[in-house]
Asker: 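Attaching a single structure in structure tokens format; questions to follow.
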Amino acid sequence: GGLSNRVVRYMHTIMGAALDAAIEDELIVKNVVKSVTPPAYIKPAIEYWDWDLAKEFLESTRNDRYHLFYYIGLSTGMARGEILGLRWRDINGKKHAISIRQSVVPVKGASIIQPSLKTKSRERTLDVSENFISKLKQHKKKQSEELLALGIKNPNDLIFLTTRGTVLRPRDIDSYLERAIKRFNKNRKPNQSKLNRISSHGLRHTYATHLLEEGVHPKIVSERLGH
């Protein structure tokens with residue numbers, strides 16, 4: 001089946017708001033969404049997961065090296081490059097907040113840190129849960145032990161690194177996610193639902209769809225996504 005009528009209308013609103021922002025930034029001259037009437041039913045072009053299945057996936061990947069990446073994607077709707085660009089200095093444990101200020105982008109098969117985001121609306125601060133901060137603390141402890149064993153430092157202060165202590169390539173995280181999905185589905189019983197294959201961008205849309213289905217105002221969802 002497709003998205004519910006309500007979600008279709010909400011997404012229509014979000015797209016309109018995003019294009020309005022693009023007009024303000026002089027990136028485009030016309031908001032074409034305003035000339036389109038949202039249909040009563042559409043087949044979802046964006047891949048996403050059922051929320052209960054997404055939670056089961058997170059539980060199944062607790063011991064996965066990149067469990068925290070999946071968790072952040074499903075808990076905040078941050079884009080892949082934004083998560084990879086997160087630094088320890090961007091985390092405020094006392095206020096339970098994270099600041100999104102930079103991104104990791106692919107360039108000719110490698111990855112570089114982009115010190116600023118595409119638009120001002122992309123730079124944002126998100127409130128997070130106590131559990132979120134707890135997971136970060138656990139991750140930092142493991143990372144510190146790894147770096148010590150490797151005899152290297154973390155000059156870019158990044159939360160996510162390869163096993164060699166280098167910047168992760170965005171495409172590699174999608175490969176890790178694909179493998180994690182395959183493991184999840186392989187362990188499912190015949191009467192249990194399986195996950196459809198999505199990229200890390202799908203985690204972002206799963207989060208957004210969940211909020212919309214819970215009745216969160218589309219403007220708030222749009223702001224959290226950095227639109």
Asker: Does the Q143 side chain pair with the main chain of I159, one donor and one acceptor, at a distance under 3.5 Å?
Answerer: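 Answer holds: yes.
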
Asker: Between atom CG of L86 and atom CZ of F69, what is the distance when rounded to the nearest 0.5 Å?
Answerer: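 Result: 10.0 Å between the selected atoms.
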
Asker: Would you call D52 and K55 a salt bridge, using N to O less than 4.0 angstrom?
Answerer: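 Yes, this pair counts.
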
Asker: Give me the atom names and distance for the closest heavy-atom approach of L203 to L74.
Answerer: O-CD2, 3.8 Å

Asker: For residues V105 and L168: do they belong to one hydrophobic cluster (side chain heavy atoms under 4.5 Å, members Ile, Leu, Val, Met, Phe, Trp, Tyr)?
Answerer: no

Asker: Can a salt bridge be assigned to the pair K140 and E145 using a cut-off of 4.0 Å between side-chain N and carboxylate O?
Answerer: no

Asker: So which heavy atom on T76 is nearest to which on I98, and how close?
Answerer: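 Minimum heavy-atom separation between T76 and I98: CG2-CD1, 4.3 Å.
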
Asker: Would you say that more than 12 heavy atoms from the other residues, nucleotides or ligands in this model lie under 6.0 Å from the CG of N63, or not?
Answerer: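 Atom CG in N63 is not crowded, with 12 or fewer foreign heavy atoms closer than 6.0 Å.
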
Asker: So which atom in Y70 and which in A180 form the shortest heavy-atom distance, rounded to 0.1 Å?
Answerer: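 Closest approach of Y70 to A180, heavy atoms only: OH-CB, 4.0 Å.
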
Asker: Between S60 (side chain only) and F57 (backbone N and O only), is there a donor and an acceptor less than 3.5 Å apart?
Answerer: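 Yes, the answer is positive, given that a donor and an acceptor are paired below the 3.5 Å cut-off.
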
Asker: Hydrophobic cluster membership, with links at side-chain heavy-atom distances under 4.5 Å among I/L/V/M/F/W/Y: are Y176 and L161 in one?
Answerer: yes

Asker: State whether R188 and E56 are salt-bridged, where the test is any N-O pair (Lys NZ or Arg NE/NH1/NH2 against Asp/Glu carboxylate O) under 4.0 Å.
Answerer: yes

Asker: Within the structure provided, determine whether H96 and E130 are in side-chain contact (heavy-atom separation under 4.5 Å).
Answerer: yes

Asker: Has T206 got a side-chain atom pairing as donor or acceptor with W49's backbone, closer than 3.5 angstrom?
Answerer: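 Checked: pair present.
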
Asker: Quick check: is I113 connected to L147 through a chain of hydrophobic side chains (ILVMFWY, heavy atoms under 4.5 Å apart)?
Answerer: yes

Asker: Could you tell me if the side chain of R65 sits less than 4.5 Å from the side chain of T163, heavy atoms only?
Answerer: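 T163 vs R65: side chains touch.
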
Asker: Going through the checks in order, is the salt bridge (Lys or Arg N to Asp or Glu O under 4.0 Å) test met by D174 and R171?
Answerer: CA-CA 5 Å; D174 279 340; R171 72 180 185 187; over 6 Å; no

Asker: Evaluate the side-chain contact (heavy atoms from CB on, under 4.5 Å) criterion for residues K137 and I133: first the C-alpha distance (whole Å), next the side-chain angles of each, then the deciding distance (0.1 Å), finally the verdict.
Answerer: CA-CA 6 Å; K137 289 179 179 177; I133 297 299; 3.8 Å; yes

Asker: Of all the heavy-atom pairs spanning G165 and L150, show the shortest one and how long it is.
Answerer: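 Smallest heavy-atom distance, with atoms named: N-CD1, 4.3 Å.
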
Asker: Can you tell me how far NE2 of H201 sits from OH of Y48, rounded to the nearest 0.5 angstrom?
Answerer: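 That separation rounds to 14.5 Å.
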
Asker: So R101 and R87, side-chain contact (heavy atoms from CB on, under 4.5 Å) or not? Walk me through it.
Answerer: CA-CA 9 Å; R101 297 289 179 267; R87 299 165 296 184; 3.7 Å; yes

Asker: Start with the C-alpha distance between K186 and R183, add both sets of side-chain angles, then the distance that settles side-chain contact (heavy atoms from CB on, under 4.5 Å), and finish with yes or no.
Answerer: CA-CA 5 Å; K186 185 177 180 180; R183 286 195 299 270; 5.6 Å; no

Asker: Which heavy atom of A208 sits nearest a heavy atom of L225, and at what distance?
Answerer: CB-CD1, 3.8 Å

Asker: So which atom in P170 and which in V104 form the shortest heavy-atom distance, rounded to 0.1 Å?
Answerer: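 Heavy atoms only, the tightest pair is CG-O, 3.9 Å.
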
Asker: Walk me through it: do L136 and W88 pass the test side-chain contact (heavy atoms from CB on, under 4.5 Å)?
Answerer: CA-CA 9 Å; L136 281 171; W88 291 111; 4.2 Å; yes

Asker: Would you say Y207 and M78 make side-chain contact, with heavy atoms under 4.5 Å?
Answerer: no

Asker: Would a distance-only check, ignoring hydrogens and angles, find a side-chain to backbone donor-acceptor pair under 3.5 Å from S129 to F132?
Answerer: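 Flag set: sc S129 to bb F132 pair under 3.5 Å.
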
Asker: Can we say R124 and E82 salt-bridge, meaning some charged N sits less than 4.0 Å from an Asp/Glu carboxylate O?
Answerer: yes

Asker: Taking ring-ring contact (aromatic ring centres under 6.0 Å, His included) as the definition, give me every residue that meets it alongside H210, ordered by chain and number, with sequence neighbours left out.
Answerer: W51

Asker: Does any non-hydrogen side-chain atom of D50 lie less than 4.5 Å from one of S193?
Answerer: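 No, their side chains stay 4.5 Å or more apart.
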
Asker: Check whether any side-chain heavy atom of Q114 lies under 4.5 Å from a side-chain heavy atom of Q102, and answer yes or no.
Answerer: no

Asker: With a 4.0 Å cut-off, would you call D127 and K95 a salt bridge?
Answerer: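 So D127 does not pair with K95 through a salt bridge.
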
Asker: Quick one: pull up CZ in R89 and OG in S99 and give me the separation to the nearest 0.5 Å.
Answerer: 12.0 Å

Asker: Nearest 0.5 angstrom please: L177 CG to K182 NZ, how far?
Answerer: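 The CG atom of L177 sits 11.5 Å away from the NZ atom of K182.
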
Asker: Would you give the length of the straight line joining atom CZ of R224 to atom CZ of R204, rounded to the nearest 0.5 angstrom?
Answerer: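 Separation between the atoms: 11.5 Å.
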
Asker: I want to check a possible cation-pi pair here: K135 against Y71, using under 6.0 Å from ring centre and within 45° of the ring axis as the test.
Answerer: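 Ring-cation test returns yes.
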
Asker: Please report the interatomic distance CZ(R80) to CD1(I72), rounded to the nearest 0.5 Å.
Answerer: 15.0 Å

Asker: Give a yes or no on whether I220 and L211 share a hydrophobic cluster (residues Ile, Leu, Val, Met, Phe, Trp, Tyr; joining criterion: side-chain heavy atoms under 4.5 Å apart).
Answerer: yes

Asker: Taking C-beta and beyond as the side chain, do I100 and D90 meet within less than 4.5 Å on heavy atoms?
Answerer: no

